[in-house]
2 protein chains.
Amino acid sequence: MPKLRNTKEKIIEAAIDLIAENGYKGASVRKIAAKVGIRESAIYNHFKNKEDILKSIFSEIFSTPFEMKDIEEKAKKGKSFLHQYAVAYKLVSFDKKMEKLFRVMMIELFQNEDLRESFLKEFHQKEIQVLSKALFIMMQEGMVRSADPMFMAQEFISALFYIRIMVSLLRIDSKPTAPIATHFEKHVDFFWESISV
Amino acid sequence: MPKLRNTKEKIIEAAIDLIAENGYKGASVRKIAAKVGIRESAIYNHFKNKEDILKSIFSEIFSTPFEMKDIEEKAKKGKSFLHQYAVAYKLVSFDKKMEKLFRVMMIELFQNEDLRESFLKEFHQKEIQVLSKALFIMMQEGMVRSADPMFMAQEFISALFYIRIMVSLLRIDSKPTAPIATHFEKHVDFFWESISV
DNA sequence: ATGATAAATTAACGTCTGTTCATATACAAT
DNA sequence: ATTGTATATGAACAGACGTTAATTTATCAT
């Protein structure tokens, strides 16, 4: 009865929902199956075991890397590059699907070694590299004060990461995020005033 | 057989260890009891149920608030105040016990509403207030450029928080933290150069 | 020494867990 | 129409879960 070819995707989606709320151990195979509308044994037609579902979710987390094209060109615009970066970051922070994946990541990051590996090496490192590359160019152009670009990139991104965590925490309980939502742009202003010469 | 009056504390300690590694749901009453060296039923002589243990751990997390005395006086020293704050933050980040509690917090923050409440209202808010108070004084003294002290405090603390997370992630897998450990102090230098007039 | 109390044990309960198996059903290709 | 394949079902498993009860053991105060 392969009526729906997307049963596998529905399983992943249901698992993301449940893990984002109760963690990996709180998302039982039966609960996932119930959410999809099938019995638990049917899950094993699509995944060899429960951990296999988690692996799929992990790869989905890192499937949308924070890539940017024409960095050299955009970096020369200085502040507007940082603004563009922060706004993209903000959009991701408020995207429903990405928000859930972020929660899954934050919960499992401290419990799963494979996820930590991927996060530190693939994901985080790349974000820093893109940013430091841009900052290096800005320094060469004389727009930004001279410093270690890698360190400066971390200084810039740490605030974004922090705001994203706060937004995530507030939205779980449906609390207003209006005050902190503006911080993404305010951070760019503050940071640019800090580094521009 | 009340040989050891600190059985209750041993239970909490064992629970912290296990939750820091596998989360609340991954720390079963049996595993906690085994780690203490007693049977699972003995746990219930000290705690009414499993959640009661978690509550105790939560209150321990927030029992060491980031308080500071004589803020007015210390704030007038400008950079050295921020340095002092960052070093204290660094010490806490590398303290074995505090490190475990931090992991417990990060894991459960996204799964437990009560913890979120305490974190946002009691803990985090107070940290920001202390810092913004000091920054406000620095502004009055003409040491720091004029801006919203609350926002500036968040800008300062976000980097510390971020470094602490990275340190925590690295240390779980016994990876070297030497490179990032210096960031605490480097952040103070960078930040002071950003805000001092 | 004795009794009260605190803290441990053993055993059991009902429920949930991940996973497997044999079987039934639906669809695609012939 | 028939066959093959993919996907679903229902039943069952062994083990782990949180919790309770009855009982035994140890310590403290008298």
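Bear in mind that the values here come from a model prediction, so they are computed numbers and not experimental data. Every heavy atom of this structure was used, including side-chain atoms; hydrogens, water molecules and symmetry mates were not. Lettering of chains follows the sequences in order, A, B, ..., and the numbering in each one begins at 1.
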Whole-Å distance, K50(A) NZ to dT19(C) P, equals 8 Å

Rounded to whole Å, how long is the line connecting atom NZ of K31(A) with atom C1' of dC17(D)? 12 Å

Calculate the interatomic distance between Y44(A) atom OH and dG10(D) atom C1'; express it in whole Å. 15 Å

Whether S28(B) contacts dA16(D) is assessed here as follows: a side-chain N or O lying under 4.0 Å from the phosphate OP1 or OP2. Is that the case? no

Whether the side chain of T7(A) and the base of dT7(D) hold a donor-acceptor pair under 3.5 Å is what I'd like checked. no

Using whole Å, what does the distance between atom C1' of nucleotide dG10(D) and atom CG of N45(A) come to? 14 Å

Protein-nucleotide distance (L54(A), atom CG; dG18(C), atom C1'), rounded to Å: 14 Å

Hey, does S41(A) reach any base, or is it just sugar-phosphate, or nothing, if we go heavy atoms under 4.0 Å? base

Atom-pair distance (CD1 on I53(A); P on dT17(C)), nearest Å: 13 Å

Starting at the 5' end of DNA chain D and moving along, which residue's nearest nucleotide shows up first, I43(A) or E40(A)? I43(A)

Nearest-Å distance, CD1 (I38(A)) to C1' (dA26(C))? 15 Å

For the pair made of CZ in F47(A) and P in dA6(D), what is the distance, rounded to whole Å? 17 Å

Are H124(B) and Y162(A) an aromatic pair by the rule of ring centers under 6.0 Å? yes

What's the verdict on side-chain contact (heavy atoms from CB on, under 4.5 Å) for K186(A) and E155(B), showing C-alpha distance, side-chain angles and the deciding distance? CA-CA 10 Å; K186(A) 278 183 79 178; E155(B) 285 282 327; over 6 Å; no

Check whether any side-chain N or O of R30(B) sits under 4.0 Å from OP1 or OP2 of dA16(D), and answer yes or no. no

Under 4.0 Å between a side-chain nitrogen and a carboxylate oxygen: does that hold for K97(A) and E60(A)? yes

Pick base, sugar-phosphate or nothing for R39(B), based on heavy-atom distances below 4.0 Å to the nucleic acid. base

Please examine the side chains of K10(A) and H46(A), heavy atoms only from C-beta on, and report whether any two atoms are closer than 4.5 Å. no

Please confirm whether the shortest side-chain N or O distance from H46(A) to OP1 or OP2 of dA6(D) is below 4.0 Å. no

Yes or no on side-chain contact (heavy atoms from CB on, under 4.5 Å) for F151(A) and L135(A), after CA distance, side-chain angles and deciding distance? CA-CA 10 Å; F151(A) 176 76; L135(A) 287 168; over 6 Å; no

